[in-house]
Visitor: 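Would you mind keeping the following structure in view while I ask a few things?
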Amino acid sequence: MNIFRFAGDMTHLISILILLLKIYATKSCAGISLKTQELYAFVFLTRYLDLLTDYVSLYNTVMKIVFIASSLAIVWCMRRHPLVRRSYDKDLDTFRHQYVVLACFVLALILNEKFTLQEVFWAFSIYLEAVAILPQLVLLQRSGNVDNLTGQYVLFLGAYRGLYIINWIYRYFTEDHFTRWIACVSGLVQTALYADFFYYYYLSWKTNTKLKLPA
């Protein structure tokens with residue numbers, strides 16, 4: 001593992017911890033898209049099917065379990081926790097994510113590195129992760145104001161993907177047979193989706209004002 005992948009993993013973990021802190025400390029999920037969290041749960045459950053068949057390292061196994069467990073815990077809190085679920089705004093979180101899931105699955109059946117169950121689901125998870133943030137970004141645009149913890153959560157998610165792009169560039173020049181082109185292209189698409197948010201986050205930081213996204 002190279003330093004860029006490790007930094008990406010840690011940044012991803014920090015984003016999840018920020019979201020869990022927001023939910024458990026404030027007993028609120030205001031400004032958080034349940035649909036995005038459900039998409040991430042699908043991403044981790046389908047990507048890490050190899051937990052049942054392959055062992056890479058203790059670090060690898062622990063991180064996979066942490067991502068699966070934390071995503072399911074967030075979805076459970078937003079749906080079932082008696083206090084947290086009251087703050088969820090269904091009227092703002094209206095992105096039709098079921099169509100995204102279907103489109104990504106069809107794409108995975110067509111474009112995959114190997115037509116096996118595990119590889120098709122791996123490709124599906126990569127495609128789905130690339131667009132999983134869309135419901136969250138749409139919700140933030142509709143709500144206008146973005147609280148600090150939610151803004152930091154999205155910021156670290158974007159930073160994680162940026163670090164993974166550097167990781168892929170590094171691997172391309174240091175590995176003889178680097179073939180994860182599906183992940184590379186999907187990662188570039190995912191990072192591009194954050195561009196608008198990064199711009200307004202930078203303006204907010206530069207002017208020391210509350211983060212707002214244009215509707």
Side-chain angles (χ1 to χ4, degrees), residues 8-48 63-102 104 125 128-162 190-191 193-205 209-215:
D9 286 344
M10 292 301 103
T11 305
H12 194 183
L13 185 60
I14 290 172
S15 73
I16 293 174
L17 292 176
I18 289 173
L19 183 54
L20 287 171
L21 173 64
K22 171 184 170 67
I23 291 174
Y24 283 99
T26 66
K27 297 297 185 292
S28 170
C29 61
I32 301 299
S33 168
L34 173 60
K35 295 184 177 182
T36 281
Q37 299 310 314
E38 289 176 338
L39 291 179
Y40 277 125
F42 272 120
V43 166
F44 298 134
L45 287 170
T46 54
R47 180 175 304 170
Y48 300 144
M63 291 298 287
K64 289 177 179 179
I65 293 174
V66 166
F67 287 135
I68 291 173
S70 59
S71 64
L72 293 176
I74 291 168
V75 171
W76 180 87
C77 282
M78 294 184 70
R79 281 191 171 274
R80 300 296 181 186
H81 193 284
L83 295 178
V84 174
R85 68 180 183 179
R86 294 178 185 174
S87 59
Y88 172 57
D89 195 336
K90 294 181 181 179
D91 294 333
L92 291 178
D93 196 19
T94 58
F95 191 94
R96 296 183 178 181
H97 64 328
Q98 64 270 23
Y99 296 117
V100 170
V101 173
L102 179 60
C104 289
S125 75
L128 189 60
E129 186 182 16
V131 294
I133 196 63
L134 281 175
Q136 180 65 63
L137 294 177
V138 170
L139 186 153
L140 292 180
Q141 286 181 329
R142 289 177 177 172
S143 63
N145 292 327
V146 183
D147 66 75
N148 289 334
L149 287 177
T150 302
Q152 290 172 10
Y153 162 68
V154 177
L155 178 69
F156 275 98
L157 265 183
Y160 136 71
R161 182 47 60 188
Q190 183 179 357
T191 304
L193 293 177
Y194 286 93
D196 192 56
F197 175 85
F198 285 154
Y199 172 73
Y200 286 103
Y201 192 96
Y202 170 74
L203 290 181
S204 172
W205 171 79
T209 58
K210 189 174 180 62
L211 177 60
K212 294 183 179 180
L213 298 183

Visitor: Please check this pair: side chain of S204 against backbone of Y200, looking for a donor-acceptor N/O pair closer than 3.5 Å.
Guide: no

Visitor: Is the W205 ring parallel, tilted or perpendicular to the Y202 ring (thresholds 30°, 60°)?
Guide: tilted

Visitor: Between R161 and T191 (side chain of the first, backbone of the second, donor and acceptor by atom type, cut-off under 3.5 Å), is there such a pair?
Guide: no

Visitor: Looking at every non-hydrogen atom in both residues, tell me the closest pair between F67 and F44 and how far apart they are.
Guide: O-CD1, 3.4 Å

Visitor: For M63, is there any backbone N or O sitting under 3.5 Å from a side-chain donor or acceptor partner on D9?
Guide: no

Visitor: So Y201 and F197, would you call those rings parallel, tilted or perpendicular, with 30° and 60° as cut-offs?
Guide: tilted

Visitor: Check L45 against L72 and note the closest heavy-atom contact, atom names and distance.
Guide: CD1-CD2, 4.2 Å

Visitor: Give the minimum heavy-atom separation between F42 and L128, together with the two atoms involved.
Guide: CB-CD2, 3.7 Å

Visitor: How many angstroms lie between CG in L19 and CG in L157, if you round to the nearest 0.5 Å?
Guide: 8.5 Å

Visitor: Tell me whether S87 contacts the main-chain N or O of C29 through its side chain, where contact means a donor paired with an acceptor under 3.5 Å.
Guide: yes

Visitor: How long is the straight-line distance from OG1 of T11 back to CD1 of I14, given to the nearest 0.5 Å?
Guide: 5.5 Å

Visitor: Give a yes or no on whether the ring-centroid distance for Y40 and H97 is below 6.0 angstrom.
Guide: no

Visitor: Are the side chain of Q37 and the backbone of I74 linked by a donor-acceptor contact shorter than 3.5 Å?
Guide: no

Visitor: Measuring from Y99:OH to R96:CZ, what's the distance to the nearest 0.5 Å?
Guide: 5.5 Å

Visitor: Using a 3.5 Å distance criterion without hydrogens, assess whether the side chain of R85 forms a donor-acceptor pair with backbone atoms of M78.
Guide: no

Visitor: Please test V131 against L134 for side chain to side chain contact (heavy atoms under 4.5 Å, CB included), starting from the C-alpha separation and ending with a verdict.
Guide: CA-CA 6 Å; V131 294; L134 281 175; 3.9 Å; yes

Visitor: Report the residue from D89, T150, D93, T94 that forms a side-chain hydrogen bond (donor to acceptor under 3.5 Å, both in side chains) with S33.
Guide: D93

Visitor: Could you go through the salt bridge (charged side-chain N to carboxylate O under 4.0 Å, His left out) check for K22 and D147 one step at a time?
Guide: CA-CA 10 Å; K22 171 184 170 67; D147 66 75; 3.0 Å; yes

Visitor: How far apart are the closest heavy atoms of G151 and V146, and which atoms are they?
Guide: N-CG1, 3.6 Å

Visitor: Which heavy atom of S15 sits nearest a heavy atom of Y153, and at what distance?
Guide: O-CD1, 3.1 Å

Visitor: Parallel under 30°, tilted from 30 to 60°, perpendicular over 60°: which one fits the rings of W76 and H81?
Guide: perpendicular

Visitor: How about V84 and Y24: do any of their side-chain heavy atoms sit closer than 4.5 Å?
Guide: no

Visitor: How long is the straight-line distance from NZ of K35 back to CZ of F95, given to the nearest 0.5 Å?
Guide: 9.0 Å

Visitor: With rounding to the nearest 0.5 Å, note down the distance linking CG in L39 to CD in Q136.
Guide: 11.0 Å

Visitor: Indicate the atoms forming the closest heavy-atom contact of F198 with L155, along with that distance.
Guide: CE2-CD1, 3.7 Å

